[in-house]
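Only this structure's heavy atoms are used, side chains among them; waters, hydrogens and symmetry mates stay out. Worth saying up front: this structure is predicted, and the values here are computed from it rather than measured.
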Amino acid sequence: MDEPEELLDPTDVLRRLAGLLGGSSIGVGDVRVQGQNATGHGAVAIGTVNVTAARSGGAGRVWFETLVEANVRETAGGYASTPSDRRLDHHLQHHDLVCLSGPVGSGLITSATLAAARKHGFARVRVLGVEQLSDLLGAEAPLPAGHGYVLRLSEVDLPEVDGFTLVALSARAATSGTTVVLVGDFSRRRNDLVGHVVEHRSAPAAEVFRAQLRHQLSGQCVGWCTDACDGRCLERYVDEDCLRHPLLSAYLAGEPRPSEVLKVVALIARTVPKAGALTERLEQFLPLQLRERAVEILDLRGGDEIDGFTNEEVRAFRLSCAVLAGQPVAEIHQAAQRLARLHFQEVTSTGAPLRASAIEALLGSTLSQAVTRLNDVRVPGGCRIDFPAGTEPLRSALLEVAWTEWWSPAELLDWLADLIRGDLPAVRQAAAGAIGWSATRDVQAALDTVGVLARERRAGVRQAAAIVLVAMAMQPMLHHRVRTELGRWTAGPAAHLRDTVARAYSLGLAQLWPDAALVQLRQVAKARMQRWNNSVVRGLVEVYRNGHTGSVVPALVDWTASADPEVQLHAARTLRVLADRWAEPPREHWPELLHLVDQGTIRLADLAVLWATALSLPWTAYRSWRTLGFWLDRADRQPVVAGHCLQLVRHVVAGQPALRHRLDHQLHHVWRPVMLHNDLLDDVQRLIDEETR
């Protein structure tokens with residue numbers, strides 16, 4: 001026995017696919033900044049040009065560089081305050097050492113530098129360097145008093161930091177009258193170093209962009225002002241031309257890292273492009289930045305190795321997050337293990353649930369910034385991993401990098417098909433969307449995969465295959481190939497392939513190709529298998545409710561004249577579904593079909609033919625008579641609606657003795673006992689009497 005069919009909302013299917021497939025807009029972009037250039041949203045560029053002569057001590061094992069006061073002030077001028085600045089300042093008022101924790105590229109260095117400047121002055125900020133952290137504790141490493149020191153710790157340095165080291169460093173700083181800010185990603189150590197760590201929170205990306213662009217263009221006229229420029233043109237350019245630009249606003253909504261926003265600011269500040277020129281620059285730059293971020297996530301470096309997991313498992317987990325966005329972490333982990341086994345057969349899973357620390361390590365700092373972890377005790381693993389609005393394009397970028405650089409097409413398609421054959425509908429749907437995405441890379445391989453899935457006996461698998469077809473159809477370059485394939489399936493003898501075509505139209509394809517839907521659904525309707533499925537009807541309803549009522553009703557009338565009883569049955573079923581729809585306010589008391597007749601969109605004669613068919617066929621008669629009775633009940637004491645109802649009933653029974661006899665039976669034995677005070681039924685009785693004469 002087949003599994004029960006899950007009903008899906010086609011609009012929701014299209015929305016989810018659009019999130020993966022993307023559109024003309026770029027939702028988020030990123031690029032890894034190498035070295036120390038532009039390390040934060042103040043663009044300190046530590047280690048390049050804005051330092052004085054370096055002094056060193058401790059036989060070269062400890063050194064420091066004094067930042068040029070003018071450059072620190074310049075940085076402060078374009079700085080967007082962060083939510084964590086106040087806490088950082090408060091900590092530095094009461095302590096001489098603090099660990100500022102956050103991922104690379106989030107503005108850590110800038111925030112630490114300006115915090116030191118606020119305490120000691122713009123001319124008394126120094127960048128500190130050490131061979132080993134313990135070198136700072138030696139007496140031979142003096143730190144001149146009255147300065148704030150910023151020390152960036154690498155992944156290699158972080159394991160050296162423990163509570164005792166921090167206590168000793170703090171005492172050393174207090175003795176010498178200095179302040180030391182250790183900068184690094186302490187996220188895995190926050191419990192060990194409690195009391196010393198301040199979590200860095202970046203300013204909103206839009207605020208970083210606004211502050212930096214205003215600062216970099218300060219004093220320039222960007223509006224070709226005819227009179228003396230008062231600076232208003234700059235405000236208009238930043239707030240209206242840039243921040244309201246669709247590509248840029250979508251990009252900033254994804255909250256890219258401050259270091260990445262700086263790249264965009266620099267791009268714009270160089271030439272101050274507007275309108276089409278700005279669009280062209282963004283269309284060229286943002287996708288490249290986005291792809292570089294995806295490369296950073298999947299191209300694990302030596303420092304990214306995680307205890308208990310191979311690099312292949314970590315990479316597979318991160319790709320699984322992109323494919324199965326919104327799913328429980330347990331399902332993502334299981335899918336990752338399947339992919340890792342396809343690539344390396346010796347990979348095995350312990351089956352143990354992932355702890356929070358393991359999840360954080362598997363995600364890595366870059367991906368952690370893009371996704372949200374939603375605690376949900378109802379799902380396996382206790383949480384879900386999702387990509388919030390604005391970061392969806394990163395999902396497709398990860399797929400692209402995976403497709404071109406890490407796995408073969410056969411491996412990825414086999415993996416996704418294996419997920420579709422699983423038991424969870426949500427996982428199937430997500431995997432189906434990923435196969436649809438991949439079709440632009442190898443359309444024939446995708447068609448071969450979906451063809452195999454469409455022949456499966458399980459309805460849920462065929463439903464996922466239909467989603468693949470919808471995803472492919474959403475991409476203009478694939479229209480011809482998909483239409484050709486659907487035409488071949490529709491005309492062929494394979495019942496499961498024809499059923500998959502009907503499911504595709506019911507899951508959103510009818511919204512995309514309404515003209516083809518009416519033609520191909522009629523061919524599919526002839527299949528006896530569809531007698532036990534409603535996909536044809538759902539596809540027709542999708543065409544109807546998306547602005548094609550004027551073509552659907554006449555087409556259904558033509559279906560009622562078909563010599564094939566299955567086609568007639570689907571026309572009647574569709575009428576029965578459409579008859580349950582009611583007009584929008586202020587005409588909510590109108591059946592929607594009658595409202596369309598009143599508006600002249602459809603003909604009363606056509607509607608009467610459909611009703612006559614639905615009331616006559618034994619498979620649809622019972623529900624149709626009940627619905628007609630409901631129409632008459634709602635129309636009572638609504639003179640205009642009642643008039644249209646009577647006209648419809650007159651057309652339905654005209655020249656149809658059997659229907660007139662059934663109407664009389666319904667009136668006396670079904671409707672009157674229930675609708676005791678309905679005056680419209682008296683008019684129906686008179687209509688029956690007139691037709692009987």
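Listed for the Arg626 side chain is no donor-acceptor partner under 3.5 Å among the backbone atoms of Tyr622. Although no hydrogens or angles enter the test, the distance criterion places a donor-acceptor pair under 3.5 Å between the side chain of Asp442 and the main chain of Ala445. With hydrogens and angles ignored, the 3.5 Å screen pairs a side-chain donor or acceptor of Arg395 with a backbone N or O of Ala322. No donor-acceptor distance shorter than 3.5 angstrom exists from the side chain of Gln666 to the backbone of His661, with no hydrogens or angles considered. In this structure a side-chain-to-backbone donor-acceptor pair under 3.5 Å is present from Arg498 to Gly492. Of the possible donor and acceptor atoms, none in the side chain of His333 sits under 3.5 Å from a partner among the backbone N and O of Val329. At least one donor-acceptor pair closer than 3.5 Å links the side chain of Thr620 to the backbone N or O of Ala614. Within the 3.5 Å criterion, the main-chain N or O of Arg457 finds no donor-acceptor partner in the side chain of His496. With hydrogens and angles disregarded, a donor-acceptor distance shorter than 3.5 Å links the side chain of Arg462 to the backbone of Glu456. Using a distance-only test at 3.5 Å, with no hydrogens or angles considered, a donor-acceptor pair links the side chain of Asn678 to the main chain of Leu680.
In summary, the side chains of Tyr505 and Gln511 do not present any donor paired with an acceptor at a separation below 3.5 Å, with no hydrogens or angles considered. With no hydrogens or angles considered, no side-chain donor-acceptor pair links Thr613 and Arg573 at under 3.5 Å. The closest side-chain donor-acceptor pair between His245 and Glu240, if any, does not fall under 3.5 angstrom. Side-chain contact check for Glu411 and Trp415: no donor-acceptor pair (N or O, by modelled atom type) lies under 3.5 Å. Counted by atom type alone, Gln568 and Asp564 present zero donor-acceptor pairs between their side chains at under 3.5 Å. Gln444 and Arg481 share a donor-acceptor pair across their side chains, judged by distance under 3.5 Å alone.
Expressed to the nearest 0.5 Å, how far CG of Asp499 lies from CE of Met529 amounts to 4.0 Å. A distance of 10.0 Å separates CG of Leu324 from CD1 of Ile385, quoted to the nearest 0.5 Å. Remark: Thr440 OG1 to Met472 CE distance equals 9.5 Å, nearest 0.5 Å. With values rounded to the nearest 0.5 angstrom, Arg662 atom CZ is found 12.0 Å from Asp664 atom CG. In this structure, CG on Asp633 lies 10.5 Å from SG on Cys645, to the nearest 0.5 angstrom. To the nearest 0.5 angstrom, His570 atom NE2 is 14.0 Å from Leu575 atom CG.
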Show every donor-acceptor pair shorter than 3.5 Å between a side-chain atom in residues 648-660 and any protein atom, with sequence neighbours excluded, or say none if there are none.
unit_1, atom_1, unit_2, atom_2, d
Arg650, NH1, Glu690, OE1, 3.2
His651, ND1, Gln647, O, 3.0

Per-pair distances, 0.1 Å, donor-acceptor, side chain in residues 595-604, under 3.5 Å, sequence neighbours excluded:
unit_1, atom_1, unit_2, atom_2, d
His595, ND1, Arg587, NH1, 3.0
Asp598, OD1, His644, NE2, 3.3
Asp598, OD2, Arg587, NH1, 3.1
Asp598, OD2, Arg587, NH2, 3.1
Arg603, NH1, Asp606, OD1, 2.8
Arg603, NH1, Asp606, OD2, 3.4

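Look at Asp515 and Arg483 and you find a salt bridge, because one of the NZ, NE, NH1 or NH2 atoms lies within 4.0 Å of a carboxylate O, short of that distance. Of the charged side-chain nitrogens involved, none lies within less than 4.0 Å of a carboxylate oxygen, so that Asp418 and Arg341 do not count as a salt-bridged pair. Look at Arg522 and Asp558 and you find a salt bridge, because one of the NZ, NE, NH1 or NH2 atoms lies within 4.0 Å of a carboxylate O, short of that distance. Contact check on Glu566 versus Arg531 returns a salt bridge, with a Lys/Arg side-chain nitrogen under 4.0 Å from an Asp/Glu carboxylate oxygen.
Closest heavy-atom contact between Leu497 and Gly451: CD2-O, 4.0 Å. The two atoms that bring Val470 and Leu512 nearest to each other are O-CD1, 4.2 Å, heavy atoms only. Heavy atoms only, all atoms of each residue included: Ala471 and Gly433 are closest at CB-O, 4.4 Å. Heavy-atom minimum distance, Ala465 versus Thr500: CB-CG2, 4.0 Å.
No option in Thr574, Leu518, Leu540, Leu569 other than Leu540 meets the side-chain contact (heavy atoms from CB on, under 4.5 Å) test with Trp559.
If you look at Trp611 and Trp631, their ring centroids are closer than 6.0 Å.
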Take Val641 and Arg634, measure what side-chain contact (heavy atoms from CB on, under 4.5 Å) needs, and give me the verdict at the end. CA-CA 9 Å; Val641 183; Arg634 291 283 298 270; over 6 Å; no
Residues Val482, Leu486; criterion side-chain contact (heavy atoms from CB on, under 4.5 Å); working and verdict: CA-CA 6 Å; Val482 177; Leu486 290 182; 4.1 Å; yes
Step by step, would you call Leu610 with Thr560 a side-chain contact (heavy atoms from CB on, under 4.5 Å)? CA-CA 7 Å; Leu610 293 180; Thr560 63; 3.8 Å; yes
Determine, stepwise, if the pair Glu331 / Arg384 fulfils side-chain contact (heavy atoms from CB on, under 4.5 Å). CA-CA 9 Å; Glu331 299 302 331; Arg384 301 177 185 271; over 6 Å; no
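Counting heavy-atom neighbours within 6.0 Å of His480 NE2, excluding the residue itself, gives a total of 12 or less.
Side chains of Leu394 and Leu398 form a contact here, defined as non-hydrogen atoms less than 4.5 Å apart. Annotation: side chain of Val323 is in contact with side chain of Leu416 (closest heavy-atom distance under 4.5 Å). Asp580 places a side-chain heavy atom less than 4.5 Å from the side chain of Arg623. When side chains are defined from C-beta on, Ser438 counts as touching Leu413, because their heavy atoms get closer than 4.5 Å.
Trp403 meets the side chain to side chain donor-acceptor pair (under 3.5 Å) test with no other residue; sequence neighbours excluded.
Using cut-offs of 30° and 60° on the angle between ring planes, the pair Phe630 and Trp582 is perpendicular.
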